[in-house]
Number of protein chains: 2
Amino acid sequence: MITLTEENYIKAIYHLGKYGINNVSTNAIAKEMETKASSVTDMVKKLSEKGYVDYKKYQGVTLTEKGKEIAINIVRKHRLWEVFLVEKLNFSWDEVHEVAEQLEHIKSKKLISQLDAFLEFPTHDPHGDPIPDKMGHIKKIDKILLSEAKIGNDCICVGVQDSSSDFLKYLDKNDIALGTELKVCHREAFDNSITIKIKAKELIISNMIANNLFVKVS
Amino acid sequence: MITLTEENYIKAIYHLGKYGINNVSTNAIAKEMETKASSVTDMVKKLSEKGYVDYKKYQGVTLTEKGKEIAINIVRKHRLWEVFLVEKLNFSWDEVHEVAEQLEHIKSKKLISQLDAFLEFPTHDPHGDPIPDKMGHIKKIDKILLSEAKIGNDCICVGVQDSSSDFLKYLDKNDIALGTELKVCHREAFDNSITIKIKAKELIISNMIANNLFVKVS
DNA sequence: AATAATTTTTAGATAAGTCTAAAAATTATT
DNA sequence: AATAATTTTTAGACTTATCTAAAAATTATT
Ligand SMILES: [Mn+2]
Ligand SMILES: [Mn+2]
Ligand SMILES: [Mn+2]
Ligand SMILES: [Mn+2]
């Protein structure tokens, strides 16, 4: 049996290891889990004994196949529940994460496969993140950060990098949602802020905003 | 903050205390929670310190108003989730309890109020048990056990006493569901088995079955 | 009313997950 | 290459929830 705490560690290691080729460090896990490095060392030993991670002292960890499978399943559940909350229960996209953090630990294969069907097999969650299928396959779409788009590009919003409530509310306030079409008009050399046009309206957004919004160039 | 374990103890005490006027005994809780009496004593002390139960050594416990409120809220969540599983995710009534045992601990007021609305404010769960409303009010309906019905009574099934999988599957097999109409035809003096008529078909059921099926005489 | 049976509580131990403080190893800087 | 800074691990302690075994209180039986 896997505990809730173990699941959360495995998920954290998965998210931290997704990019870089390097092992995930103790401190990185500690930061992500909001706990102390010493606690992480203890847990990492346990996860290693249970075969969820490969671990060599002082060298950080990587998920084993078994560990990765568990992580992906948790991510799948998390994102399906987020879709449910938005599509069926009228949550807004900045309210779902906290609840999904709890729901992702519910153990029932039937529950998830039926939920998936009920939601008509969604491929992405409310933040544009892909939902792994039953087999754990994740479909990658070619998205870029808005900050990397070129002047003149016509784009469509497909996801967010940061999904903090503050950022999502900012987007709501400025009528930016997934599916919104926009054009990149101008980049200010000094601060890398960019001017975008949404429908008829022009809007200036900081580099930090552009760095957290994924778009597809059309 | 209230832990998952505390919630389960409070719920157990609620269910055990629902009938009798007496305090709930340590052993009764131990049996219900599948744990040892000594563990119960420890927990009961903690619940008492936190103000969820009234406890005097060797005298058992009763829920305080605060404790009852928590218990009823858990029951409300449990039963709403059961409705969701049956109505929306095509679970059968013998499959929902285990999953609802997990879902009942998810903490989010909005989740439950929205779920309630999404399900169109159901008043009873798939086993005929009443769902407390947002204020904790429980509507009692006047149901009797089928074993208490009189010969000649026309009845409608409104609930089950036991909701074990074995019992529910027996009912499924014999086309007895909530809402099913039946007539009590005959009671055998020797073993108290009774003959009932469902639509055109006659069926003999044991006293034990009749003792676990709630009906309303129409 | 005394004794026996049962229930409940206490005492002490264990496992999971966390913490602080100190030691050890690794990495960066001179 | 030596020293300094940082990261990671270890050692020991604490909390929650559990257990077994023994003691204490209650309840039932003679
Ligand atoms: Mn999320
Ligand atoms: Mn998401
Ligand atoms: Mn149930
Ligand atoms: Mn039920």
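Below, chain A is the first sequence line, B the second, and so on; all start at residue 1.
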Could you give the side-chain donor-acceptor pairs of residues 17-25 of chain A under 3.5 Å, partners two or more places apart or in another chain?
| from | atom 1 | to | atom 2 | distance (Å) |
| --- | --- | --- | --- | --- |
| K18(A) | NZ | H15(A) | ND1 | 3.4 |
| N23(A) | ND2 | Q59(A) | O | 2.9 |
| S25(A) | OG | A28(A) | N | 3.1 |

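For T123(B), the side chain to side chain contact (heavy atoms under 4.5 Å, CB included) partners are K139(B), not counting sequence neighbours. With sequence neighbours left out, the salt bridge (charged side-chain N to carboxylate O under 4.0 Å, His left out) criterion links K169(A) to D94(A). With sequence neighbours excluded, the residues forming a salt bridge (charged side-chain N to carboxylate O under 4.0 Å, His left out) with E101(B) are K11(B), listed by chain and number. Scored by the side chain to side chain donor-acceptor pair (under 3.5 Å) test, Q102(A) finds no partners at all (sequence neighbours excluded). Residues satisfying the ring pair (Phe, Tyr, Trp, His ring centres under 6.0 Å) criterion with F84(B), sequence neighbours excluded, are F84(A), W81(B). N207(A) pairs by the side chain to side chain donor-acceptor pair (under 3.5 Å) definition with N211(A), not counting sequence neighbours.
An OP1 or OP2 oxygen of dA16(C) is reached within less than 4.0 angstrom by no side-chain nitrogen or oxygen of Y9(A). In terms of phosphate contacts, T35(A) brings a side-chain nitrogen or oxygen within less than 4.0 Å of OP1 or OP2 of dC19(C). Under 4.0 angstrom from either OP1 or OP2 of dT9(C) there lies at least one side-chain N or O belonging to T41(B).
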What does the list of N/O pairs under 3.5 Å between the protein and nucleotides 2-6 of chain C look like, with a distance for each?
none

Check the interface with nucleotides 21-29 of chain C: list each N/O to N/O pair with the protein under 3.5 Å, or write none.
| from | atom 1 | to | atom 2 | distance (Å) |
| --- | --- | --- | --- | --- |
| dA25(C) | O4' | Y58(A) | OH | 3.3 |

Convert the base pairs of DNA chain C into dot-bracket notation, remembering that pairs crossing earlier ones are written with [ ] and that bases paired across to another strand are shown as |; include only Watson-Crick or G-U pairs under 3.5 Å. ||||||||||||||||||||||||||||||
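Sorted by first then second residue, the salt bridge (charged side-chain N to carboxylate O under 4.0 Å, His left out) pairs that include residues 106-117 of chain B, not counting sequence neighbours, are E95(A)-K110(B), E7(B)-K107(B), R76(B)-D116(B). Here ring-ring contact (aromatic ring centres under 6.0 Å, His included) pairs that include residues 85-114 of chain B, with residues two or more places apart or in two chains, are H78(B)-H97(B).
Between K66(A) and E69(A) there is no salt bridge, since no side-chain N of the basic residue sits under 4.0 Å from a carboxylate O of the acidic one.
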